[in-house]
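Only a predicted model underlies this, so the values are computations on that prediction, with no experimental measurement involved. As the structure lists them, so they are numbered: ligands from 1, and atoms in each ligand from 1. When a residue number appears, it is its place in the shown sequence, counting from 1.
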Amino acid sequence: MKKKLLSSILALSLAFSAVSCGKKGESGDDGNTVKIAYLPITHSLAVLEEAEELEEKSGVKVELVKYGSWAELLDALNSNRVDGASVLIELAMKSKQEGIGLKAVALGHRDGNVIVVSNDIASAADLKGKTFAIPHRQSSHNILLNDALATAGLTVDDVNVTELAPTEMPSALASGQIDGYCVAEPFGAMGVSLGAGKVLFSSEELWEDSLCCGLVLTDKFIDERPDDAKEFVESYKAAGNALDKEKAKETAKKYLSQSDEVLDISLRWISYNDLDITEDIYSTLVEKVKAYGLSDNPPAYEDFVKNDF
Ligand code: ZN
């Protein structure tokens, strides 16, 4: 297992870092290109799929800009170096709260997260006193950890919560450095595939219609190019509706450099249809964000979510 683990981790690290600055600025601003930032995760497959389809249909060209971390991606988004991004929605909410001009226009995906724990943990109650990794405090992974602990009457005060880079989580679990984690896919599936851990909860068992990633566009892009923004969002939602398991795997193979086994496990947990951010699901998110201390003052639906293209 060790050899497999090391080679998988190496492949993953390369996948994450190799192209992180390769496409930036390549096409220049010809006025017809939409620059979209993404991380190579299954949670951004809808935008990767759309990029291929949109130019054929409408002549609007999508330039995908790959980043190696949420921090780098957020920096590009917040400084208008890209027109939009597929990003953890809580990070975008935080940016909005801090005065950055952006709107969430669709979900990145539906469901698609798991709580992975070491094989000796049988229930949420067993997490007491253990170390649990999340990618960022501002994430649905943090919320799902809180939800999972609540099923056993526990809170984050009962565990050691640590922030780790997603690529490090499967190996940290395998080595016993952490006892569990929750993070964007396919890193949960990777831990399972390696035999380092198992799924304790899937996201829908803890939080029905959970939000995680959102497609976010800058106000600058929406204001300056309203027709392109409309075309982009409509085409994105259509691409999501058409993204069945087979197509998702095809797209993932192209962009994610992951094994068939990891992708097969991961893609079982996620779907991409019906990507509207409704007021209902957003208000549940806002409640959780407040209850679990991610933010006291998250943006109002009407200020942050745009559905009226
Ligand atoms: Zn996500």
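- In this structure Lys94 satisfies the side chain to side chain donor-acceptor pair (under 3.5 Å) test with no other residue, sequence neighbours excluded.
- Listed by chain and number, the residues in a side-chain contact (heavy atoms from CB on, under 4.5 Å) with Thr131 are Asn160, Thr162, Ile178, Asp179 (sequence neighbours excluded).
- Protein N, O or S atom count below 2.8 Å of the Zn ion (ligand 1): the structure gives 4.
- Surrounding NZ of Lys230 are at most 12 heavy atoms belonging to other residues, nucleotides or ligands under 6.0 Å away.
- Under the salt bridge (Lys or Arg N to Asp or Glu O under 4.0 Å) criterion, Lys288 pairs with Asp147, sequence neighbours left out.
- Counting heavy-atom neighbours within 6.0 Å of Asp296 CG, excluding the residue itself, gives a total of 12 or less.
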Item to check | Derivation of the salt bridge (Lys or Arg N to Asp or Glu O under 4.0 Å) call for Lys245 and Asp264 | outcome: CA-CA 9 Å; Lys245 301 283 178 219; Asp264 286 342; over 6 Å; no
